[in-house]
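Treat the numbers as computed from the prediction; the structure is a model and nothing was measured. Note: hydrogens, waters and symmetry copies are ignored here, and every other heavy atom, side chains too, is used. Order of appearance sets the numbers: ligands from 1, and atoms from 1 within every ligand.
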Amino acid sequence: MLRPGPIGKGNPTPALKSPRRRIFDRELFPELVTATNDGIIATAAIVEGLTASAVSGNIIVLAGLATLAAGGLSLGGVIYAEYAAERDDLRSTLDQERRLLASLPDAELEELKGLYVARGLTAELAAQVAAQLTARDALSAHVEAEYGISTDDLSVHPLPVAVASGMAFAVGALVPLLAVWFAPTAWRVPVIFAAAIAGLCVTSVVRARVGRSSVLRTFGRAVTVGVSAMLIGLVLGRLVG
Ligand SMILES: [Zn+2]
């Protein structure tokens, strides 16, 4: 779920030695929009399938609510585990670097100097930069240059991120669920379909705006997945129901 941080922009000293992905990408918002997308698609497919199998409206709403709850909780759980693991990684990297700085300060200064030389600074300038950054905040200077991570990244807690993701899924799930609730029985299939497509349209526009990507392409992808899932739901509903 996490993408590597932008090299150059907003990340003044990108990973030089070990190009590992940036641990806490601040661009969380696109991921929340994706969670909303998932909520729309998963729930729409389930309620379309049940509508096609002609079970009662109450059962469809119940199944939709179950999808909302189960999907939101499991997504939240996955995100929590992922962010907690990244946080542990970050902590151990910081601990290791802190130990190295305490035990081998000269070697660490040389290492930092070497990283700036590798980036194109002259030996003299690299020595000055390394010395000044080390004097200001040695740990930050080292982990930023060596791993492309920031000590600030520890301030991102897994729990709020997990809760936000689960809620984003639930918001998406509400779209087809409200369509089931309000549509007349005979119109359920097309109304759920239209509501899901409209929802995906909104999330795609937001997602594309935030990610500065093509709205059409983002929408095309979301709709292809959404329509396929709903069609599979409908066919299964007909066959089983
Ligand atoms: Zn170091």
Side-chain angles (χ1 to χ4, degrees), residues 1-35 38 74-169 207-213 218:
M1 307 252 338
L2 297 169
R3 279 149 283 100
I7 299 294
K9 272 186 284 175
N11 187 5
T13 44
L16 298 175
K17 199 172 76 180
S18 68
R20 64 191 268 179
R21 55 187 191 158
R22 189 164 166 77
I23 292 189
F24 286 109
D25 191 347
R26 296 296 158 76
E27 291 176 14
L28 181 65
F29 191 66
E31 290 173 19
L32 296 180
V33 181
T34 305
D38 292 350
S74 67
L75 182 67
V78 166
I79 297 284
Y80 183 86
E82 192 180 330
Y83 271 69
E86 306 246 3
R87 202 170 144 86
D88 289 347
D89 271 7
L90 176 61
R91 269 212 190 94
S92 76
T93 304
L94 290 175
D95 285 348
Q96 185 199 333
E97 200 59 32
R98 205 177 278 120
R99 274 196 302 274
L100 282 170
L101 281 167
S103 58
L104 301 164
D106 294 343
E108 282 296 307
L109 187 62
E110 277 305 306
E111 184 189 31
L112 192 57
K113 202 175 102 184
L115 292 173
Y116 286 114
V117 170
R119 293 217 63 194
L121 301 191
T122 62
E124 198 185 349
L125 185 56
Q128 279 179 18
V129 171
Q132 285 183 20
L133 288 177
T134 300
R136 197 197 52 164
D137 181 351
L139 187 61
S140 292
H142 277 260
V143 293
E144 280 182 24
E146 290 176 41
Y147 303 103
I149 59 180
S150 160
T151 46
D152 292 346
D153 292 342
L154 263 188
S155 64
V156 180
H157 291 273
L159 191 61
V161 179
V163 170
S165 303
M167 282 172 64
F169 182 97
R207 181 79 178 75
R209 277 281 157 80
V210 172
R212 294 195 197 88
S213 51
T218 310

### Opening angle at the Zn ion (ligand 1) [OE2, Glu146; OE1, Glu108; to 10 degrees]
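Angle OE2(Glu146)-the Zn ion (ligand 1)-OE1(Glu108): 150°, rounded to 10°.
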
### Message
Rounded at 0.5 Å granularity, tell me how far OG1 in Thr93 sits from CG in Leu139.
### Response
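One gets 10.5 Å once the value is rounded to the nearest 0.5 Å.
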
### Task
Could you pull out all residues at least two apart from Arg209 that satisfy salt bridge (Lys or Arg N to Asp or Glu O under 4.0 Å)?
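Partners of Arg209 by the salt bridge (Lys or Arg N to Asp or Glu O under 4.0 Å) criterion come out as none, since no residue qualifies.
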
### Query
Within a strict 4.5 Å, meaning less than it, do heavy atoms of the Arg207 and Thr34 side chains meet?
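Sidechains of Thr34 and Arg207: in contact.
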
### N/O/S atom name from Glu111 that is nearest to the position of the Zn ion (ligand 1)
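Checking each N, O and S atom of Glu111, the shortest distance to the Zn ion (ligand 1) belongs to OE1.
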
### Which atom of Glu97 approaches the Zn ion (ligand 1) most closely (N/O/S)
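The Zn ion (ligand 1) is closest to the Glu97 atom OE2, counting only N, O or S.
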
### Query
Within the distance-only criterion (no hydrogens, no angle test), does the side chain of Ser140 pair as donor or acceptor with the backbone N or O of Asp137 below 3.5 angstrom?
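Checked: no pair found.
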
